[in-house]
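Below: the structure, in structure tokens.
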Amino acid sequence: MRVGLTTSVIGHALVIAWGLVSLPSARPFPHEPTEALPVDILSDAEFTKLTKGSKKAELRPDPSPADKTEKKSAPEAENPGKHEVDKPSPKPEEKKVAALPPANQPPPPPKAVETPKPPEPKPAEPAPPVEKKVEPAPAPEKPAEPAPTAETAVEPLPADAPTPRSKPKPPKQEAAPKPAEQTAKPAAQTADAKKDFDPNDISALLNKVDPSGGGAKSGEKQASLGSPTGRAEKLTVGELDALRGQIARCWNPPVGAVGAEDLVVEIQMQLAEDGSLTGAPAVVNSSSNPFFRAAADAALRAVRRCAPYTLPAAKYETWKDVKVNFDPRQMMGGW
Amino acid sequence: MNPAEVAQTALAAPDAGISLMSLFWQAHIVVKLVMIGLIAASIWCWAIIVDKALLFSRLRRQMDQFEHVFWSGQSLEELYRSLSHRPTQSMAALFVAAMREWKRSYESGARSPAGLQMRIEKVLDVTLAREVDRLERRLLFLGTVGSSAPFIGLFGTVWGIMTSFQAIAASKNTNLAVVAPGIAEALFATAMGLLAAIPAVIAYNKLSSEVSKQTLRLEGFADEFSAILSRQLDERA
């Protein structure tokens, strides 16, 4: 027995020693430390109030959507026809110039001087009307043309075609070349225009330059904090509940009808700003259930009866046209 | 919470101890006792296993030797004389016991062959029983450890998990890094239980089959020897 016991004790000691040596080296699982994701919890109301913007921008009181083209738009401003509103480029002056010169030809040289100097930011729109008026009279622009400046070209145009649409543009077109003045093309065109002085030609010219009908850009406001798909203008859940409650008050759900789950009536209604109905509410869906007709009528009645609804006027756009579900099991609003 | 902090706490907790020793020392006292008991059982089991293995191999050798000598045609008297002065085992013990009874009967002058035959049978039976008992001794311990050690280890595990859950409840933190060490040390108890039980079960099965084999062999020898003695009695009578 002693042999066995000794052997056993020695064996166990060896095993335990081996365990002490080798088991502590249990390797930790290879895993990359994961970065914690910052999570914000939004309430329903907060979610619906998300404004459109960029996620990384800072919060601004006066939000404007993220617009990455803004930066580009600044250099582009030199293009003719773009940014009428934003960039009151030299055009206005020229128009003026154009308007003025017809009266007295000598001015042309001064014009040339004027154009290079930084234009005062005069709105483009006001100018055209003036031109129109003035131009019809100055038929004798050609004589004025001797001035080698591009503006001379302008003058002929107005004379020929006193139509208001085309006019505003010509000045622009030429305005652009002017500030640049080095650009050969516009100069050449204008030269041609002078020589031929064909109204058709001119209109063709105009058409070429015309295309850039740049709309007014929203200013250079910086993007503010918000979600790219945010709408901001949305009824919050609380407001939805309010509307739901208002309608439910007047609604007598069809009692005892068979297959109540088929009796969901969807009604579309248009509301005026004061909350009253404009036009007749319409049943949007249909069902084969024989009771559906009655249910639909009940729903229509309810909508009409409660007619002036009190809803936040500021969000009129969102509830101007609203769909409401009348579910006999549980009335739910939805849009 | 700061992400960096989270990562740090998650990484820092595990090295509180995974080593075998720290697993043992961190354990609850009951779990510790269970582990110590299991280690002791395992040591004792292996002691028995080694002992029995040695015993059986020795016995087999002795039996072979003895049978070889016994059936070699050597005189039984001489054989008895050579064996009787030292302690004997198994077959030799049977032979010596039977021969001693035979000699005593003749020396005391008892002449009834039937009585002598009966006494010799009795002596053989008793010696056989003693020998088998010696073979079987402590085997039962192996069987007991084999069947109960997993339960004992499981008890330690359940106890350890219980206490570690209590600790979790107290610390109000369910982070896996907090839970894991307690469960690891609890499972350690089951591991030790299995470690003790598996060899015990295997050895018990092996050794008990060995015991029955040797018992059969001894019985066979006893029957044969009693037949020889009975023939001798008849011849002398």
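Just so it is clear: chains get the letters A, B, ... in the order the sequence lines come, proteins before strands, and each one is counted from 1. Computed from heavy atoms alone, side chains included, the values below leave out hydrogens, waters and symmetry copies.
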In chain order, what residues pass the side chain to side chain donor-acceptor pair (under 3.5 Å) check against B:Thr157, with sequence neighbours excluded? B:Thr190
So, taking the atom named CH2 in B:Trp46 and the one named CG in A:Leu5, what distance separates them when rounded to the nearest 0.5 Å? 14.0 Å
Separation between CD1 of A:Ile16 and CD1 of B:Ile43, rounded to the nearest 0.5 Å: 6.5 Å
Which heavy atom of B:Ser42 sits nearest to which heavy atom of A:Ser8, and what is that distance? O-OG, 4.2 Å
Can you name the residues of residues 206-218 of chain B that have some heavy atom under 4.5 Å away from a heavy atom in chain A? none
Within residues 48-62 of chain B, contacts to chain A at heavy-atom distances under 4.5 Å involve B:Ile48, B:Val50, B:Asp51, B:Leu54
How would you list, by chain and number, every residue that makes a side-chain contact (heavy atoms from CB on, under 4.5 Å) with B:Val69, sequence neighbours excluded? B:Gln74, B:Leu79
